Amino acid sequence: MSENPYMQRCLELAQKAAAEDEVPIGAVVVNPQTGEIISEAYNLSEHVLDATAHAEISAIRRACEKLGTNRLRGMDLYVTLEPCTMCAAAISFARIETLYFGAFDKKGGAVTSGVRFYEAETCYHKPQVIGGIMEDKCSEILKNFFKQKRKKKDLLQKN
């Protein structure tokens, strides 16, 4: 798939996360009617010592605060990696219209992989899901990040 400006912004945010030694995932909430980015975020779990500080959760929180609502009906979410179960649930509860993600996460994803959260009978709101947006670039940043982490770990073990 060709360049997408919203996913490109997510990748820029993911780069910021990587620079802070966070798992490089970026997310933006977009109003598809106006094209405006309502909020943006990247992973910060390590720095704020909060397991819920995923990019998706932070972007949803910021958008709700900005719009003065607890639901984001009609809004879209772009994220560089297929959301985990926690984030998939938050996306559903926020009533996101369409979820766009880049890389598929066979290990921890919960949308098209793993538990497939939106396919459960108990899932109240099921967003439209479009995966694989700029997949190669989204996968590459994650692979490079973890490759560097392994190199650092190997160096520390040798010393």
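Keep in mind that what you see is a predicted model, and the values were worked out from it rather than measured.
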| field | For the student: nearest non-hydrogen atoms of Ala27 and Cys10, plus distance | value | CA-SG, 3.8 Å
| query | Between Met86 and Val111, is there a shared hydrophobic cluster once you connect ILVMFWY residues whose side-chain heavy atoms come closer than 4.5 Å? | reply | no
| Leu142 side chain reached by Pro24 side chain, heavy atoms, under 4.5 Å | yes
| field | Interatomic spacing from CZ in Phe101 to CD in Glu135 - rounded to 0.5 Å | value | 8.0 Å
| note | Rounded to the nearest 0.5 angstrom, the CZ-NE2 distance for Arg71 and His125 is 10.0 Å
| request: For residues Arg95 and Tyr124, determine if any side-chain heavy atom of one lies less than 4.5 Å from a side-chain heavy atom of the other. | output: yes
| message | In this structure, would Val115 and Phe104 fall into the same cluster of hydrophobic residues linked by side-chain contacts under 4.5 Å? | response | yes
| remark: Nearest heavy-atom approach of Asp76 to Pro32 is OD2-CB, 3.3 Å
| query | Is Val30 close to Glu36 at the side-chain level, that is, under 4.5 Å between some pair of heavy atoms? | reply | no
| field | The single option from Gln148, His47, Lys149 passing side-chain hydrogen bond (donor to acceptor under 3.5 Å, both in side chains) against Asp21 | value | Lys149
| query | Does Phe93 share a hydrophobic cluster with Met75, counting links as ILVMFWY side-chain heavy atoms below 4.5 Å and allowing steps through other members? | reply | no
| said: If you compare all heavy atoms of Glu56 against all heavy atoms of Leu81, which two are closest, and at what distance to 0.1 Å? | reply: OE2-O, 4.2 Å
| said: Tell me whether Glu40 is salt-bridged to Arg9, with the criterion being a basic N under 4.0 Å from an acidic carboxylate O. | reply: yes
| task | Write down the atom of Tyr118, the atom of Ala88, and the distance for their closest heavy-atom approach. | result | OH-O, 3.0 Å
| said: Parallel, tilted or perpendicular: which one describes the rings of Tyr100 and Tyr78, with boundaries at 30° and 60°? | reply: parallel
| task | Using a cut-off of 6.0 Å, state whether more than 12 heavy atoms not belonging to Lys66 lie near its atom NZ. | result | yes
| request: Quickly, which of His54, Lys16, Glu20 forms a side-chain hydrogen bond (donor to acceptor under 3.5 Å, both in side chains) with Tyr42? Name it, please. | output: Glu20
| field | Distance-only donor-acceptor check, side chains Thr52 and Asp50, under 3.5 Å | value | yes
| field | Nearest-0.5 Å distance that lies between atom CD1 in Ile60 and atom CG in Asn70 | value | 12.0 Å
| message | For a 4.5 angstrom cut-off between non-hydrogen side-chain atoms, does Leu99 reach Ile130? | response | no
| query | To the nearest 0.5 Å, what is the distance between CD1 (Ile91) and CG (Leu77)? | reply | 5.0 Å
| field | Distance, nearest 0.5 Å, that separates CD of Glu22 from CG of Leu13 | value | 13.0 Å
| Value rounded to 0.5 Å, distance of CG in Asn43 from OG in Ser58 | 8.0 Å
| message | My understanding is that only one of Cys87, Cys84, Pro83 makes a side-chain contact (heavy atoms from CB on, under 4.5 Å) with Ile57; could you say which? | response | Cys87
| Heavy-atom distance under 4.5 Å between the side chains of Cys64 and Leu72, does that happen here? | yes
| In terms of side-chain geometry, is the basic nitrogen of Lys137 or Glu3 positioned less than 4.0 Å from the acidic oxygen of its partner? | yes
| task | Give a yes or no answer on whether the side chain of Ser39 reaches the backbone of Ala59 with a donor-acceptor pair at less than 3.5 Å. | result | yes
| message | Measuring only between side-chain heavy atoms, which start at C-beta, is Tyr6 closer than 4.5 Å to Ile37? | response | yes
| task | Could you tell me whether the side chain of Leu11 reaches within less than 4.5 Å of the side chain of Ile141, counting heavy atoms only? | result | yes
| query | So, Thr80 side chain and Gly26 main chain: donor-acceptor pair closer than 3.5 Å or not? | reply | yes
| query | So, Glu82 and Ser113: side-chain donor and acceptor under 3.5 Å apart, yes or no? | reply | yes
| task | Taking all heavy atoms of Ala55 and all of Ile25, pick out the closest pair and write down the distance. | result | CB-O, 3.5 Å
